[in-house]
Colleague: 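Dropping the structure in here first, questions after.
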Amino acid sequence: MLGEMWVQDRASFVDVTLGASRLQALFRSYGEDGFDRWMDRSIPLGQSVLMIIPEFEHHSLGAFVAADQFRRHGLWVHMGIGLNREELTKLISSGRFSMLGLSVATRKTVEKVTELIDYIRANNPDCPPIVIGGRVVDDARMIERRTGADHAVTSIREAIERCGLAAVGQELPFDSAL
């Protein structure tokens, strides 16, 4: 809703920034206060996802929501927040990730995402599948072709299926009140 209000010029930069900050604070406090609940709903299946918020991307809420959904599906999630490409390459080569997830919010960063993916692939010969998600994915095939990502998806379930990852079998309910 904040994003739509921003696009329609019905909310100022301050309104959107404060709203997004409050959402992130709620999301973080829910995780801290209810850590045991988070752990109860996570069934680790031995596969890891590295969620990447590139250093040039300014929107992070979607990546945290995606990470939570991956955990609900039984995957371990590591967050790579604001790392430069050298740091990311080192992290990728040191871990055994089953998937790299890139959270991309706007078309303004697609060229930089393409450069980042090219760099990651050139410096990680055993690179896991790279998946792009976020608001930028309105035409998945075009985003895949343009960026060199293995997959561009609009849901966590789709990312899991397209990468062939083991996950909790049942669909998880979506609470539209959140």
Side-chain angles (χ1 to χ4, degrees), residues 1-9 11-28 31 48-71 75-156 158-160 162-163 165:
M1 188 170 84
L2 284 170
E4 288 301 318
M5 289 173 65
W6 173 260
V7 169
Q8 295 170 3
D9 234 3
S12 71
F13 175 78
V14 172
D15 293 332
V16 174
T17 301
L18 284 173
S21 296
R22 288 179 180 149
L23 283 172
Q24 284 189 327
L26 284 171
F27 192 74
R28 287 188 185 120
S48 298
V49 172
L50 175 60
M51 281 299 305
I52 300 168
I53 303 170
E55 64 180 339
F56 49 80
E57 185 62 61
H58 302 289
H59 300 36
S60 61
L61 183 60
F64 282 99
V65 172
D68 180 53
Q69 290 295 310
F70 279 121
R71 287 184 189 101
L75 299 165
W76 292 107
V77 180
H78 302 266
M79 299 296 289
I81 303 170
L83 302 175
N84 65 40
R85 60 190 200 170
E86 292 82 12
E87 293 167 329
L88 271 173
T89 298
K90 190 174 183 177
L91 178 59
I92 293 164
S93 65
S94 70
R96 292 188 174 170
F97 300 108
S98 303
M99 184 190 104
L100 306 178
L102 278 160
S103 177
V104 184
T106 67
R107 290 208 181 272
K108 293 177 185 176
T109 60
V110 169
E111 186 175 324
K112 291 179 181 179
V113 168
T114 302
E115 292 170 6
L116 179 60
I117 290 173
D118 289 345
Y119 186 86
I120 289 171
R121 289 198 192 284
N123 291 282
N124 288 286
D126 297 320
C127 188
I130 298 174
V131 179
I132 291 179
R135 186 160 174 90
V136 75
V137 182
D138 54 359
D139 180 349
R141 298 290 176 234
M142 186 273 297
I143 292 294
E144 290 167 2
R145 282 192 307 274
R146 190 156 174 211
T147 63
D150 296 294
H151 309 290
V153 300
T154 57
S155 74
I156 298 305
E158 185 182 2
I160 290 168
R162 296 209 45 210
C163 290
L165 303 178

Colleague: Minimum heavy-atom separation for H78 and S48, please, with both atom names.
Modeller: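 Closest heavy-atom pair between H78 and S48: NE2-OG, 3.8 Å.
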Colleague: Say whether, by atom type as modelled, one donor and one acceptor occur between the side chain of T147 and the main chain of E111 under 3.5 angstrom.
Modeller: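 Flag not set: sc T147 to bb E111 has no pair under 3.5 Å.
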Colleague: Is the closest basic N to carboxylate O distance between R141 and E144 below 4.0 Å?
Modeller: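 Yes.
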Colleague: Run the side chain to side chain contact (heavy atoms under 4.5 Å, CB included) check on M99 and L165 step by step: do they pass?
Modeller: CA-CA 9 Å; M99 184 190 104; L165 303 178; 4.2 Å; yes
Colleague: Rounded to the nearest 0.5 Å, what separation is found between the CZ atom of F97 and the CG atom of L75?
Modeller: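 CG of L75 is found 12.5 Å from CZ of F97.
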Colleague: Measuring from atom CZ of F70 to atom CD1 of I156, what distance do you get when rounded to the nearest 0.5 angstrom?
Modeller: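 Between F70 CZ and I156 CD1, I get 4.0 Å after rounding to 0.5 Å.
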Colleague: So, taking the atom named OG1 in T89 and the one named CG in L116, what distance separates them when rounded to the nearest 0.5 Å?
Modeller: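 So the OG1 of T89 and the CG of L116 are separated by 7.5 Å.
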Colleague: Under the rule for salt bridge (Lys or Arg N to Asp or Glu O under 4.0 Å), what residues qualify as partners of E115, not counting sequence neighbours?
Modeller: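 So E115 forms no salt bridge (Lys or Arg N to Asp or Glu O under 4.0 Å) with any residue.
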Colleague: Might you point out which heavy atoms bring C163 and P129 nearest each other, and give the distance in Å?
Modeller: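 That closest heavy-atom pairing would be SG-CB, 3.7 Å.
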Colleague: Test your reading of the model: is there a side-chain donor-acceptor pair from N124 to the backbone of D126, 3.5 Å cut-off?
Modeller: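 Between the backbone of D126 and the side chain of N124 there is no qualifying donor-acceptor contact (under 3.5 Å).
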Colleague: Mind listing the closest non-hydrogen atom pair of S103 and G62 along with its distance?
Modeller: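 Of all heavy-atom pairs spanning S103 and G62, the closest is OG-C, 4.5 Å.
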Colleague: Could you tell me whether a side-chain N or O of D15 sits under 3.5 Å from a main-chain N or O of S12, the two making a donor and an acceptor?
Modeller: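 At least one qualifying donor-acceptor pair exists.
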Colleague: Taking all non-hydrogen atoms of both residues, which atom of M51 and which atom of A66 are closest, and how far apart?
Modeller: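 So the minimum-distance heavy-atom pair works out to CE-CB, 4.0 Å.
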Colleague: With rounding to the nearest 0.5 Å, note down the distance linking CH2 in W76 to CZ in R71.
Modeller: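 W76 atom CH2 to R71 atom CZ measures 9.5 Å (nearest 0.5 Å).
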Colleague: Short question: side chain of E87, backbone of L83 - any donor-acceptor pair under 3.5 Å?
Modeller: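 Not a single qualifying donor-acceptor pair exists.
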Colleague: Using every non-hydrogen atom in the two residues, find where V131 and A159 come nearest and quote the distance to one decimal.
Modeller: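 Between these two residues, the closest heavy atoms are CG1-CB, 4.1 Å.
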Colleague: Does the pair C127 and I120 meet the rule for a side chain to side chain contact (heavy atoms under 4.5 Å, CB included), with working shown?
Modeller: CA-CA 8 Å; C127 188; I120 289 171; 3.8 Å; yes
Colleague: Which is it for V153 and V137 under the side chain to side chain contact (heavy atoms under 4.5 Å, CB included) test, yes or no, and what are the steps along the way?
Modeller: CA-CA 7 Å; V153 300; V137 182; 5.8 Å; no
Colleague: Taking only residues two or more places apart in sequence, or in another chain, which ones meet S155 in a side chain to side chain donor-acceptor pair (under 3.5 Å)?
Modeller: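 Here no residue qualifies.
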Colleague: Let me know which of V136, I132, D139, V110 forms a side-chain contact (heavy atoms from CB on, under 4.5 Å) with R146.
Modeller: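 When V136, I132, D139, V110 are each tested with R146, the side-chain contact (heavy atoms from CB on, under 4.5 Å) holds only for V110.
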Colleague: Restricting to salt bridge (Lys or Arg N to Asp or Glu O under 4.0 Å), what partner residues turn up for R121, sequence neighbours left out?
Modeller: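 R121: salt bridge (Lys or Arg N to Asp or Glu O under 4.0 Å) contacts with D150.
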Colleague: Between D138 and R107, does any side-chain N to carboxylate O distance fall below 4.0 Å?
Modeller: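 Counted as a salt bridge, because a side-chain N and a carboxylate O are separated by less than 4.0 Å.
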Colleague: Let's go through F56 and V113 carefully: what are the C-alpha distance in whole Å and the side-chain angles of both, what is the deciding distance for side chain to side chain contact (heavy atoms under 4.5 Å, CB included) to 0.1 Å, and is it a yes or a no?
Modeller: CA-CA 9 Å; F56 49 80; V113 168; 3.8 Å; yes
